[in-house]
Amino acid sequence: MTDTVTTSRIAPWASPRAQRRLAQVEAAVSADLSPAGVAATVRTALDAHAAQVDHDGIVLYAGTNIPSPAAASATLPTLSGRPSMGWPGEKYQVGLDHLDTLEVLAPLLVADLMEGAHAEVRLQSATLANLAVYTAFAAPGDTIAVLPEAAGGHASHHAQGVPAVRGLTVVDLPYDPVRLDLDYPALPGFLREHRPKVVVIGASMMLFPHDVAAVRAAADQVGAILLYDASHMAGLVAGKLFQRPLHEGAHVLTFSTYKSFGGPSGGCVVTRDPELAERVSTVAYPGMLANYDAGRLGALAVTAAELAADGTAYAQACVTNAQTLAAALAAEGFPVVGRDGEHTRSHHLAIDAHDLGGGDAAGLRLGDAGIYLSGIGLPWQHPDEGLRGLRIGTQEITRLGFTPADQPRIAHLMRRALLDREAPERVRADAIALRREVNSRQTDSRPADSR
Ligand SMILES: *Cc1c(COP(=O)(O)O)cnc(C)c1O
């Protein structure tokens with residue numbers, strides 16, 4: 001093995017691009033590995049991150065958010081290191097009675113908010129929530145049917161992800177790229193042919209809702225469990241906007257708690273059926289977990305209570321900002337994805353970045369301009385094309401106080417960076433200025449005694 005500065009020690013199997021970056025950071029962090037040196041290195045990285053992203057960034061990445069101040073403060077640093085195993089009343093550990101409060105509040109609030117009866121809230125991510133559902137309802141060798149990757153099907157639905165951990169066969173559901181939705185007429189025949197144990201809908205980009213009732217009817221014909229993965233849509237579902245998956249017929253709902261939901265990181269499984277809930281719960285613990293980080297539950301409970309109180313206004317504001325930003329981007333000349341002249345009914349929107357060098361390249365250029373988002377596959381892309389789209393989510397900027405009037409300004413910054421090919425550093429200065437203007441508006445509108 002050649003020992004050059006472009007070879008990473010921690011991942012010599014990574015791509016050349018990743019290894020170059022890893023090697024650079026490995027060299028930089030190795031200068032002082034004393035406890036004080038490491039603490040200083042960590043502090044510098046955290047402060048720089050907070051300044052760049054939390055204070056000055058325009059974060060349009062669809063799979064992130066900021067917790068509310070009340071949620072952020074609803075935790076203790078010691079909690080994550082207190083294993084809490086089993087139900088309140090019969091835990092393996094003694095002395096955790098006060099944690100019972102969090103362990104009861106969080107699932108009660110989450111289940112009600114998402115229109116279910118039972119919520120499993122201990123899993124660390126939606127990926128693990130999906131694995132728990134697959135494990136509960138499909139055995140090794142069984143088939144699950146999922147959305148194609150280029151239609152927003154997530155890695156945790158596909159053969160390279162957790163279905164492989166369970167030894168499942170994965171088939172792609174029939175999809176209509178023009179409607180940007182399932183091919184409903186083809187669905188019943190497809191399910192009869194493949195007889196999946198679980199049908200997974202809900203995606204990493206959702207501009208339009210699914211016809212959940214139609215999928216449920218087809219799933220019932222083959223006895224399949226219908227899983228709606230609301231990882232991205234959970235904040236809208238909480239607001240009873242976009243769609244109401246359990247009400248419309250999904251057996252089980254999974255979601256990430258840190259995307260549009262706006263809580264701590266984590267994953268949830270919600271259902272109305274106590275038998276399905278028991279199977280998932282038993283897979284989660286003792287199947288997949290011992291300690292599960294009770295430190296997240298206080299913030300989760302507070303977030304759920306806040307969404308129950310004002311989730312509809314939040315969801316509506318996210319959608320209005322997305323629709324306004326989509327229209328502004330179209331007016332600037334971007335090919336905004338949509339159907340029948342409509343760009344989106346959610347907080348997501350997308351640009352076909354084919355003529356911008358692809359979604360990955362366009363995302364990197366915007367990053368240099370202080371606007372943070374990612375590429376996404378589009379249903380009409382070629383298999384070897386890379387990510388053809390740019391995905392945008394408005395959940396974080398909405399929470400920060402960006403209004404519809406700000407959306408044309410964001411669109412204009414994106415135009416300067418991507419269409420006019422202006423130097424990204426110049427655009428960045430104006431992106432930071434816009435973000436700071438919104439920050440100061442929030443500060444100014446706070447009552448004087450809370451400053
Ligand atoms: C983001 C996402 C996930 C994974 O969520 P994590 O909580 O990060 O594991 C699962 N499913 C879909 C559709 C997603 O978009």
Side-chain angles (χ1 to χ4, degrees), residues 59-65 67 110 114 119-135 144-166 168 170 172-173 175 180-182 198-210 212 215 226-238 242-243 245 250 252-270 280 284 288-289 292-293 296-297 299-300 303 346-350 359 373-379 387 389 391-393 395-396:
V59 180
L60 300 178
Y61 180 66
T64 187
N65 215 326
V110 167
M114 306 310 268
E120 171 55 67
V121 300
R122 293 172 293 185
L123 294 155
Q124 307 280 13
S125 70
T127 296
L128 297 179
N130 286 340
L131 176 58
V133 173
Y134 305 151
T135 305
I144 65 171
V146 308
L147 287 164
E149 271 189 282
H154 187 255
S156 66
H157 306 164
H158 281 275
Q160 78 273 27
V162 287
V165 176
R166 185 62 173 161
L168 303 175
V170 179
D172 281 355
L173 291 162
Y175 193 80
L180 292 166
D181 199 355
L182 291 154
V198 182
V199 174
V200 186
I201 59 174
S204 299
M205 185 172 76
M206 292 195 77
L207 305 176
F208 303 102
H210 292 308
V212 176
V215 186
L226 176 57
L227 165 60
Y228 188 109
D229 181 342
S231 282
H232 277 274
M233 294 299 127
L236 304 192
V237 171
F242 191 68
Q243 68 184 148
V252 185
L253 179 80
T254 55
F255 65 94
S256 304
T257 53
Y258 65 92
K259 298 181 182 173
S260 66
F261 200 82
S265 75
C268 291
V269 186
V270 184
V280 171
M288 291 167 61
L289 296 169
Y292 69 90
D293 190 4
R296 295 185 281 107
L297 292 194
L300 179 61
T303 303
S346 77
H347 62 296
H348 282 174
L349 60 137
L373 42 57
S374 71
I376 187 84
L378 292 176
L387 299 176
R391 180 185 62 175
I392 294 170
Q395 69 291 340
E396 177 166 332

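Counting convention: from 1, in listed order, for ligands and their atoms alike.
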Visitor: Quick one: look up the protein heavy atom nearest atom 5 (O) of ligand 1 and list residue, atom name and how far away it is.
Guide: Ser256 OG, 2.9 Å
Visitor: Can you tell me how far CZ of Arg391 sits from CE of Met205, rounded to the nearest 0.5 angstrom?
Guide: 8.0 Å
Visitor: Strictly distance-based, threshold 3.5 Å: is any side-chain N or O of Ser260 a donor or acceptor partner for the main-chain N or O of His232?
Guide: yes
Visitor: To which protein heavy atom is atom 9 (O) of ligand 1 closest, and what is the distance rounded to 0.1 Å?
Guide: Thr127 OG1, 2.7 Å
Visitor: Side chain, backbone, both or neither: which applies to Ala129 and ligand 1 if a contact is any heavy-atom pair less than 4.0 Å apart?
Guide: neither
Visitor: Name the closest protein heavy atom to atom 8 (O) of ligand 1, giving the residue it belongs to and the distance to 0.1 Å.
Guide: Tyr258 OH, 2.5 Å
Visitor: Check each heavy atom of Ala126 against ligand 1 and say whether those closer than 4.0 Å belong to the side chain, the backbone, both or neither.
Guide: both
Visitor: Is it the side chain (CB and beyond), the backbone, both or neither of Ser156 that lies under 4.0 Å from ligand 1, heavy atoms counted?
Guide: side chain
Visitor: Would you check if there is a donor-acceptor pair between the side chains of Ser346 and His348 at a distance under 3.5 Å?
Guide: no
Visitor: Return yes when Lys259 approaches ligand 1 closer than 4.0 angstrom through a heavy atom, no otherwise.
Guide: yes
Visitor: Do me a favour and list the nearest non-hydrogen protein atom to atom 4 (C) of ligand 1 with residue, atom name and distance?
Guide: His154 CE1, 3.3 Å
Visitor: Do the side chain of Asp229 and the main chain of Ile201 share a donor and acceptor less than 3.5 angstrom apart?
Guide: no
Visitor: Under 4.0 Å from a heavy atom of His232: which atoms of ligand 1 are those, numbered in the order shown and with their elements?
Guide: 14 (C), 15 (O)
Visitor: Suppose I only count heavy atoms of Ser125 and a 4.0 Å limit; which atoms of ligand 1 are within that range?
Guide: 6 (P), 7 (O), 9 (O)
Visitor: Is the backbone of Thr64 close enough, under 3.5 Å, to the side chain of Gln395 for a donor and an acceptor to pair up by distance?
Guide: yes
Visitor: Looking at Ser204, which atoms of ligand 1 are within less than 4.0 Å of one of its heavy atoms?
Guide: 12 (C), 13 (C), 14 (C), 15 (O)
Visitor: Could you tell me whether the side chain of Asp181 reaches within less than 4.5 Å of the side chain of Phe208, counting heavy atoms only?
Guide: no
Visitor: Between Leu168 and Val162, is there a side-chain heavy-atom distance shorter than 4.5 Å?
Guide: no
Visitor: Give yes or no for whether the N/O distance cutoff of 3.5 Å, strictly under, is met between Gly202 and ligand 1.
Guide: no
Visitor: Please answer whether the main-chain N or O of Met233 pairs with a side-chain N or O of His347 as donor and acceptor at a distance below 3.5 Å.
Guide: no
Visitor: Could you list which atoms of ligand 1 come closer than 4.0 Å to a heavy atom of Asp229?
Guide: 10 (C), 11 (N), 12 (C), 13 (C)
Visitor: With a 4.0 Å cut-off on heavy atoms, is Gly267 in contact with ligand 1?
Guide: no
Visitor: Is the side chain of Tyr228 donor-acceptor paired with the backbone N or O of Thr254 at a distance under 3.5 Å, no angle test?
Guide: no
